[in-house]
Amino acid sequence: MRQPQCRQQPTKVLNAVFGEQVKLRGVTIRPLGSAFVPGGVVPVQLYWEAVAQPKQDYRVFVHLCQRCNDPPVAQQDGAPLDGYGE
C-alpha cells in the first residue's frame with residue numbers, strides 16, 4: 001500500500017487558484033534568527049500545488065510594502081521554484 005506523502009504546511013493558508021491550473025496553498029514568513037532587522041532578509045516560502053497541467057509558463061512576484069499605495073520596499077520576481085521542476 002502506498003503511503004501518503006507528508007507535505008509541509010504553510011503558517012497562513014490561502015488556497016488561491018490561478019487559471020484553474022495552479023494553486024497557492026499558502027505562505028510562511030519567518031525571520032532568520034529571532035527577529036526581523038532593518039536591512040535584513042525576509043524569508044518567504046510559498047506553497048504551490050498543480051491543479052492541472054499548466055498550459056503556459058507562470059511568473060511569481062512577491063512585493064514587500066509598508067503601505068498598499070506606496071512602491072514596494074523590497075521585491076523578488078521570477079519563475080516558480082526559480083525555474084526548476086521536480
Side-chain angles (χ1 to χ4, degrees):
M1 176 179 268
R2 186 176 167 186
Q3 296 292 325
Q5 290 183 341
C6 178
R7 296 192 309 180
Q8 289 183 327
Q9 297 301 315
T11 56
K12 173 68 176 170
V13 175
L14 298 174
N15 290 319
V17 178
F18 299 90
E20 299 179 4
Q21 297 174 27
V22 292
K23 176 169 59 173
L24 178 58
R25 295 191 307 112
V27 61
T28 297
I29 302 172
R30 291 199 176 110
L32 294 174
S34 60
F36 294 110
V37 296
V41 174
V42 178
V44 176
Q45 184 172 5
L46 303 174
Y47 296 80
W48 294 99
E49 181 179 329
V51 176
Q53 178 71 38
K55 295 180 173 97
Q56 71 271 349
D57 290 337
Y58 281 86
R59 304 284 295 172
V60 175
F61 65 90
V62 176
H63 292 179
L64 179 63
C65 300
Q66 188 169 3
R67 291 176 201 84
C68 293
N69 293 328
D70 291 346
V73 295
Q75 69 183 49
Q76 180 68 43
D77 302 51
L81 299 174
D82 290 327
Y84 293 99
E86 292 185 1

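All of these numbers come straight from a predicted model, not from anything done at the bench.
- Within the 4.5 Å cutoff, the side chain of Y47 has heavy atoms near those of the T28 side chain.
- Placement of V27 and L32 in two distinct hydrophobic clusters is found when ILVMFWY residues are connected by side-chain heavy-atom separations under 4.5 Å, directly or transitively.
- Q9 CD: more than 12 foreign heavy atoms inside a 6.0 Å radius.
- Residues V62 and W48 share a single hydrophobic cluster, defined by chaining ILVMFWY side chains whose heavy atoms lie under 4.5 Å apart.
- In this structure, the side chains of K23 and L14 stay at 4.5 Å or more apart for every pair of heavy atoms.
- Within 6.0 Å of CG on D77 lie more than 12 heavy atoms contributed by other residues, nucleotides or ligands.
- Hydrophobic cluster membership differs between V60 and V41, with clusters built from Ile, Leu, Val, Met, Phe, Trp and Tyr side chains linked at under 4.5 angstrom.
- Taking all atoms of both residues into account, the shortest heavy-atom contact from R59 to A79 is NH1-N, 3.6 Å.
- Taking both residues in full, the closest heavy atoms of F18 and Y58 are given as O-OH, 3.5 Å, listed atom of the first, atom of the second, then distance.
- Using a 4.5 Å heavy-atom threshold, the side chains of L46 and V44 count as touching.
- Put simply, the side chain of I29 does not reach to within 4.5 Å of the side chain of T11, judged on heavy atoms.
- Of all heavy-atom pairs between P43 and F36, the closest is CD-CE2, 4.5 Å.
- Annotation: side chain of Q21 is in contact with side chain of P54 (closest heavy-atom distance under 4.5 Å).
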